[in-house]
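This report refers to the structure that appears directly beneath it.
Numbers restart at 1 for each chain; the letters A, B, ... are given by sequence-line order, proteins then strands. Computed from a prediction, not measured in an experiment: that's the story for all the values here.
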Number of protein chains: 2
Amino acid sequence: MTHTKKRYQAIIGKLKAGHHKITPQRMAIAEILADSKGHPSVENVYEQLQSDYPNMSLATVYRNVMLMKSLGEVLELGFPDGSNRYDGNKPYPHPHIICVRCRKIMEPDLSTLEDMTKEVIRKTDFTVLTHQLTVFGVCRDCKKEKPAGNHKDKP
Amino acid sequence: MTHTKKRYQAIIGKLKAGHHKITPQRMAIAEILADSKGHPSVENVYEQLQSDYPNMSLATVYRNVMLMKSLGEVLELGFPDGSNRYDGNKPYPHPHIICVRCRKIMEPDLSTLEDMTKEVIRKTDFTVLTHQLTVFGVCRDCKKEKPAGNHKDKP
DNA sequence: TTTGCTGCAAATAGTTTGCAGAGAC
DNA sequence: GTCTCTGCAAACTATTTGCAGCAAA
């Protein structure tokens with residue numbers, strides 16, 4: 001079974017466990033979020049559903065994304081630019097590296113994150129619950145196309 | 001001169017350098033942002049100005065916070081919960097550790113951040129421009145008041 | 001059958017914009 | 001005097017909610 005398929009099963013399982021009804025709308029939304037390629041926004045999930053479910057209401061998408069988020073099966077990525085995107089494929093905190101030119105998102109495993117958490121705990125005496133790390137930059141492909149620093153306004 | 005005072009001068013200086021007019025409204029907004037204790041939202045800045053500038057428009061606050069942000073003199077803190085807050089006191093990226101109980105915000109210097117940036121560069125080949133790191137947890141004071149794990153729903 | 005879910009439309013919150021007069025330079 | 005800035009109100013975007021009918025369990 002693929003990871004995406006497992007994620008779909010996990011979401012549906014949590015819904016059942018919480019005595020939530022398994023409606024066709026929920027299955028469709030879960031299917032998209034279980035994949036989450038491209039980190040869709042609510043609007044984006046809604047658009048993807050338009051062809052198969054022309055009557056699907058945007059409110060229904062909002063309600064169910066929130067429900068799955070509250071069940072811990074979908075991660076909300078509140079990016080600094082204000083856009084809310086969702087990830088049901090890796091529903092635990094993880095770093096996002098975003099290219100400001102092509103908007104590509106990478107999600108590397110960072111071994112230094114653990115050291116950083118330890119340093120936070122040592123310096124603040126907090127009990128750490130969750131975190132969000134987003135790094136902005138220019139990806140390799142975009143650097144090739146137009147090297148950084150060549151774009152200037154008239155002097 | 002205090003750091004806050006220096007920050008105020010820096011903001012006003014950037015405005016002048018950009019040939020923006022120095023209006024009483026701008027001075028008042030700059031003064032609040034230069035301090036930025038409590039990381040105010042736009043609404044919050046507006047409220048702080050109500051007593052001294054009862055005619056100040058919320059739109060004016062929005063316009064000027066955005067202007068100062070575009071000049072690099074104010075940092076926008078797009079927290080994952082969706083609230084936009086601003087910092088004109090430390091207008092460069094820095095970590096925020098937020099207590100989910102009392103909403104207190106700490107801003108420790110993290111030496112591990114540099115290692116993390118290096119790891120990001122090594123693993124993604126990005127040119128890193130900026131970043132945002134927010135950690136959520138429970139602060140020391142709140143842990144004392146009510147130890148974590150004691151709050152449960154009925155089984 | 002029962003209870004929760006959906007679609008619709010209206011409400012709400014946060015932010016942006018057009019415009020005419022006011023004010024900084 | 002010129003040109004930007006401000007206040008006001010309306011517009012806009014993203015999200016939430018009330019309600020009546022519908023459908024999963």
Side-chain angles (χ1 to χ4, degrees), chain A residues 11-33 39-71 73-86, chain B residues 11-33 39-71 73-86:
Chain A
I11 298 172
I12 298 295
K14 271 283 181 70
L15 286 170
K16 284 183 182 168
H19 303 293
H20 300 283
K21 296 179 179 173
I22 308 303
T23 65
Q25 291 91 334
R26 277 181 182 161
M27 291 190 277
I29 293 167
E31 205 175 341
I32 288 178
L33 291 175
H39 302 78
S41 63
V42 168
E43 187 77 32
N44 190 230
V45 171
Y46 173 70
E47 283 163 9
Q48 290 188 54
L49 292 166
Q50 280 302 294
S51 49
D52 288 343
Y53 300 82
N55 294 323
M56 171 89 67
S57 165
L58 184 56
T60 296
V61 182
Y62 270 104
R63 278 187 282 234
N64 284 300
V65 170
M66 290 308 144
L67 173 60
M68 296 172 194
K69 176 188 152 194
S70 74
L71 295 173
E73 292 298 320
V74 166
L75 183 73
E76 186 176 64
L77 314 172
F79 287 143
D81 73 338
S83 70
N84 264 341
R85 295 161 164 280
Y86 297 87
Chain B
I11 298 172
I12 298 295
K14 271 281 181 70
L15 286 171
K16 283 183 183 167
H19 304 293
H20 299 283
K21 296 179 177 174
I22 307 304
T23 66
Q25 290 91 332
R26 278 181 180 161
M27 290 190 278
I29 292 167
E31 204 176 341
I32 288 178
L33 291 175
H39 303 76
S41 63
V42 168
E43 187 77 32
N44 190 229
V45 171
Y46 173 70
E47 283 163 10
Q48 290 188 54
L49 291 165
Q50 279 303 293
S51 50
D52 288 343
Y53 299 83
N55 294 324
M56 171 90 66
S57 166
L58 184 55
T60 296
V61 182
Y62 271 104
R63 279 187 281 235
N64 283 300
V65 170
M66 290 308 144
L67 173 61
M68 295 171 195
K69 176 189 153 193
S70 73
L71 295 173
E73 291 299 320
V74 167
L75 183 74
E76 186 176 64
L77 314 172
F79 287 143
D81 73 337
S83 70
N84 265 340
R85 295 161 164 281
Y86 297 88

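Distances shorter than 4.0 Å separate none of the side-chain N or O atoms of B:Thr23 from OP1 or OP2 on D:dT4. Between B:Ser57 and D:dC8 there is no side-chain N or O to OP1 or OP2 distance below 4.0 Å. Note on A:Gln25: every side-chain N or O is 4.0 Å or more away from OP1 and OP2 of D:dA23. Remark: A:Arg26 is in phosphate contact with C:dC5, judged by side-chain N or O atoms under 4.0 Å from OP1 or OP2. Distances shorter than 4.0 Å separate none of the side-chain N or O atoms of B:Asn64 from OP1 or OP2 on D:dC5. For the pair B:His20 and D:dC5, the criterion of a side-chain N or O lying under 4.0 Å from OP1 or OP2 is met. Between B:His19 and D:dT4 there is no side-chain polar atom (N or O) within less than 4.0 angstrom of OP1 or OP2. Taking side-chain N and O atoms only, B:Asn84 has a distance below 4.0 Å to OP1 or OP2 of C:dT15.
Just one of A:Arg26, A:Lys16, A:Lys14 meets the salt bridge (charged side-chain N to carboxylate O under 4.0 Å, His left out) condition when paired with A:Glu73; it is A:Lys14. Here the options are B:Asn44, B:Val65, B:Leu77, the test is side chain to side chain contact (heavy atoms under 4.5 Å, CB included), and the partner is B:Tyr86; only B:Val65 passes.
In this structure the side chain of A:Arg63 never reaches within 4.5 angstrom of the side chain of A:Leu67, judged on heavy atoms. Between B:Met66 and B:Glu76, some side-chain heavy-atom pair lies under the 4.5 Å cut-off. Considering only heavy atoms from C-beta on, A:Asn84 stays 4.5 Å or farther from A:Val42 through its side chain.
When rounded to the nearest whole Å, the span between CE of B:Met56 and P of C:dA22 equals 18 Å. Distance, B:Tyr53 OH to C:dA22 C1': 16 Å, rounded to whole Å. Here C:dT6 presents its C1' atom at 14 Å from CG of A:Leu67, a figure rounded to the nearest Å. When the C1' atom of C:dT15 is taken as reference, atom OH of B:Tyr86 falls 9 Å away, rounded to whole Å. Taking atom CE of A:Met66 as the reference point, atom C1' of C:dT6 lies 17 Å away to the nearest angstrom. The interatomic distance linking A:Asn44 (CG) with D:dA14 (C1') rounds to 15 Å, in whole Å. The separation between A:Arg63 atom CZ and C:dT6 atom P is 7 Å, rounded to whole Å. Going from atom OH of B:Tyr62 over to atom P of C:dT17 covers 13 Å, rounded to whole Å.
If you check C:dT6, C:dT15, C:dC25 against the side chain of B:Ile22, the one that comes closest is C:dC25. In the set D:dC5, D:dA24, C:dA9, C:dA9 carries the atom at the smallest distance from any side-chain atom of A:Ala59.
Nucleic acid contact for B:Pro24: sugar-phosphate only, since backbone atoms but no base atoms lie under 4.0 Å from a heavy atom of the residue.
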